[in-house]
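Notes to accompany the following structure.
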Amino acid sequence: MATYYFKEKFIKITDKYPILDEDKNPVYYVDQNFRLVGFKVKVYDLDKNEIMTIKRKLISLFTTYDIEFANGEEMMVKANLSLIKRSVDAVIKGGKLKVKGSIFDHEFKVEFDNELVGEVSKKFFSLRDSYALKVYDEQYTLHLIAICLCLNNMQDLDEEDEDD
């Protein structure tokens with residue numbers, strides 16, 4: 001099992017921050033530049049090699065993201081219709097990662113073929129969005145990192161809608 005920590009900047013005009021391991025050492029870097037429309041994030045390894053790009057589709061019935069990994073693999077993350085708990089599917093080659101959230105969207109379980117492969121938890125009382133990602137099946141590490149970033153953006157969009 002591995003644990004990763006995400007802590008965004010307080011002001012999110014541009015969002016550049018490290019993803020830390022359980023020893024609080026940087027292992028990846030998130031780079032989100034300012035955009036008037038849409039959402040695009042790049043994630044890099046310690047050598048500044050791009051390992052994934054996440055883009056939110058501008059036009060879709062439910063919030064949808066396309067993820068391209070450096071190895072050529074692709075994943076689509078899509079929110080599902082859900083009234084009480086957040087439900088998200090991540091479609092990958094060979095199947096689907098299912099994400100189920102808690103009522104308050106602070107705890108998420110990620111399963112593949114009914115096996116728990118990861119958990120995401122958001123810190124309740126924090127000035128900045130802070131997440132912990134537990135990876136139980138390390139073959140899904142990059143997928144789970146992408147899902148965590150997508151969940152964060154979904155929650156940001158929900159907060160924007162509440163402010164309107």
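In this chain, residues are counted from 1 in sequence order.
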inquiry  = Quick check: His143 with Phe112 (ring centres under 6.0 Å apart)?
reply    =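 Phe112 vs His143: aromatic centres not under 6.0 Å.
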key: Between Tyr28 and Tyr44, ring centroids under 6.0 Å   =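 No, they do not, as the ring centres are separated by 6.0 Å or more.
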Side chain to side chain, [X] and [Y], heavy atoms closer than 4.5 Å:
X	Y	result
Val88	Arg86	yes
Phe69	Thr53	no
Met1	Glu138	no

message = Is it the case that the side chain of Asp45 and the backbone of Asp47 share a donor-acceptor pair, with hydrogens and angles ignored and the cut-off at 3.5 Å?
response =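 Confirmed, Asp45 side chain pairs with Asp47 backbone.
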inquiry  = When you measure from the side chain of Asn71 to the backbone of Glu73, do you find a donor-acceptor pair of N or O atoms at a distance under 3.5 Å?
reply    = yes
inquiry  = Heavy-atom count check: over 12 atoms from other residues, nucleotides or ligands less than 6.0 Å from Gln139 CD?
reply    = yes
For [X] against [Y], the heavy-atom pair lying closest together:
X	Y	answer
Val41	Leu149	CG1-CD1, 4.4 Å
Ser87	Lys100	OG-NZ, 4.0 Å
Leu144	Gly118	CD1-CA, 4.1 Å
Glu50	Ala70	O-CB, 3.3 Å
Leu46	Pro26	CD2-O, 3.3 Å
Glu22	Tyr5	CA-CE1, 3.9 Å

Audit row: Glu107, Lys122, side chain to side chain contact (heavy atoms under 4.5 Å, CB included) steps and yes/no = CA-CA 6 Å; Glu107 302 292 328; Lys122 181 179 179 184; over 6 Å; no
Do [X] and [Y] belong together in a cluster built from hydrophobic side chains that touch within less than 4.5 Å?
X	Y	result
Tyr4	Tyr17	yes
Met52	Ile92	yes
Ile51	Tyr29	no
Leu61	Leu81	yes
Leu142	Leu20	no

Below 4.0 angstrom, N of the basic side chain to O of the carboxylate: do [X] and [Y] qualify?
X	Y	value
Asp66	Lys55	no
Glu111	Lys98	no
Asp31	Lys42	no

message = For Thr64 and Val77: C-alpha separation, side-chain torsions, deciding distance, then whether side chain to side chain contact (heavy atoms under 4.5 Å, CB included) applies.
response = CA-CA 6 Å; Thr64 303; Val77 174; over 6 Å; no
message = Can you confirm whether the side chains of Asn153 and Tyr65 place a donor and an acceptor under 3.5 Å from each other?
response = yes
key: Side-chain H-bond candidate by donor/acceptor type, Glu119 with Tyr136, under 3.5 Å   =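 There is such a pair between these side chains.
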For the atom pair [atom1] ([X]) and [atom2] ([Y]), what is the distance rounded to the nearest 0.5 Å?
X	Y	atom1	atom2	answer
Leu97	Asp89	CG	CG	9.0 Å
Ile54	Gln32	CD1	CD	9.5 Å
Lys109	Ser102	NZ	OG	9.5 Å
Tyr131	Ser121	OH	OG	10.0 Å

message = Once salt bridge (Lys or Arg N to Asp or Glu O under 4.0 Å) is applied, do any residues pair with Glu74, and if so which ones, sequence neighbours excluded?
response =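 Testing Glu74 for salt bridge (Lys or Arg N to Asp or Glu O under 4.0 Å), a comparison that skips the adjacent residues, returns none.
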inquiry  = Apply side chain to side chain contact (heavy atoms under 4.5 Å, CB included) to residues Val135 and Val117 and explain how you reach the verdict.
reply    = CA-CA 6 Å; Val135 177; Val117 297; over 6 Å; no
query = Do Glu115 and Asp137 pass the side chain to side chain contact (heavy atoms under 4.5 Å, CB included) test, and can you show the C-alpha distance, the side-chain angles, and the key distance before you say yes or no?
reply = CA-CA 9 Å; Glu115 295 281 328; Asp137 188 336; over 6 Å; no
